[in-house]
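As structure tokens, the structure follows; a few thoughts come after it.
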Amino acid sequence: MNKLNPIGIFDSGIGGLTVAHAINKVLPNEEIIYFGDTKHLPYGNKTESKIRSYSNQITNFLIRQKCKAIIIGCNSASAIAFNSIKESKGNDALIINVIDPVIRYVQNDLSIRNIGIIGTNATIKSMTYEKKILNLRNDLRVSSIATPLLASLIEGNNKNCDINKIIKRYLYNKKFAKIDSLILGCTHYPIIQNQINVFYKNRIRLISSVNVIGQEVKKQLKKNALLNPNIIKKNTKHKFYVSNLTEPFQEKTKLFFPHSIILQEENIFS
Ligand code: DGL
């Protein structure tokens, strides 16, 4: 694998942009190819076999673009499709999910005692976070709540709905009465981090992949001798592909990547 090749990142929509942005901050010399599957959003309400099928097809597309590493910038796909992507034949790219680095963070921060998790139906139902956390730290109290409306609202699919009301409706829950930390277990949620902080009056620590994914990708690329040693060329443009080009996606991409990028619709699904 050539260390000058790009890294691939994918999500169902704009959520993975939080991941791409975090990686770009730590690794500004890595070229990015992004795929947002806006046609099939939300992933969180899909069956496991659909999530696996979309994730595998996107991975194959990114492999065809010669990506040296694929970052699954989606918790639902990380929970459901990580193993099947890793095991798929003919794929020697590095595969990184967004859940494991968050688990390691929780493992190492012993001030965390009582932790909540929010995520899509698929992520919460899989219990991936609970199982992995309790496996490493059985001293913790862990509780989770599925918040399935949030990703679509953040994506901009229902402008008439007040997202603060929905946040309140989900988070006023006995299960979370005593938490000291909350995992934002969906890559869309860092976009509404401020609103969640307002709800908790900044008293709860919010943990998400954006805090840890940049360093994780750097560590893994280094370990596999895949870090790009060159300074990125001025005319290099990160490429963003979507299965359905929407206005909110265009706006959000410009917000996260204000400099010149390529953004285009691409139908990769069979
Ligand atoms: N951003 C995604 C996640 O982290 C998926 C949201 C969705 O499409 O349901 O789970």
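This is a predicted model, so every value here is computed, not measured. Atoms within a ligand are numbered from 1 in the order they appear, just like the ligands themselves.
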With only distance considered, is N75 within less than 3.5 Å of ligand 1 through an N or O on each side?
yes
Does an N or O anywhere in G15 fall below 3.5 Å from an N or O of ligand 1?
no
A side-chain contact here means heavy atoms from C-beta on lying under 4.5 Å apart; do T18 and Y189 qualify?
no
NZ/NE/NH1/NH2 to OD/OE distance under 4.0 Å, E216 and K219
yes
Is K68 paired with E30 through a side-chain N to carboxylate O contact shorter than 4.0 Å?
yes
Are S76 and T120 close enough, and set up right, to give a side-chain hydrogen bond (donor to acceptor under 3.5 Å, both in side chains), and what steps lead you there?
CA-CA 7 Å; S76 312; T120 65; 2.8 Å; yes
Below 4.0 Å, non-hydrogen atoms only: which portion of P42 touches ligand 1? Side chain, backbone, both or neither.
both
With D109, which of R137, R205, R104 fulfils side-chain hydrogen bond (donor to acceptor under 3.5 Å, both in side chains)?
R205
List every atom of ligand 1 that sits less than 4.0 Å from any heavy atom of S76, numbering the atoms from 1 in the order shown and giving each element.
3 (C), 5 (C), 10 (O)
Aromatic ring proximity, centroids under 6.0 angstrom, F257 and F240
yes
Does any N or O atom in T120 lie less than 3.5 angstrom from one in ligand 1, N or O only?
no
Heavy atoms only, cut-off 4.0 Å: how does A151 contact ligand 1, side chain, backbone, both, or neither?
side chain
Which residue and non-hydrogen atom of the protein lie closest to atom 9 (O) of ligand 1, and at what distance in Å?
G44 N, 2.8 Å
Report yes if some N/O of D11 lies less than 3.5 Å from some N/O of ligand 1; otherwise report no.
yes
Assess the pair F61 and Y241: is the distance between their ring centroids shorter than 6.0 Å?
yes
Using a 4.0 Å cut-off to any heavy atom of S12, which atoms of ligand 1 qualify?
5 (C), 6 (C), 7 (C), 8 (O)
Which residue supplies the protein heavy atom nearest to atom 7 (C) of ligand 1, what is that atom called, and how far is it?
Y43 N, 3.3 Å
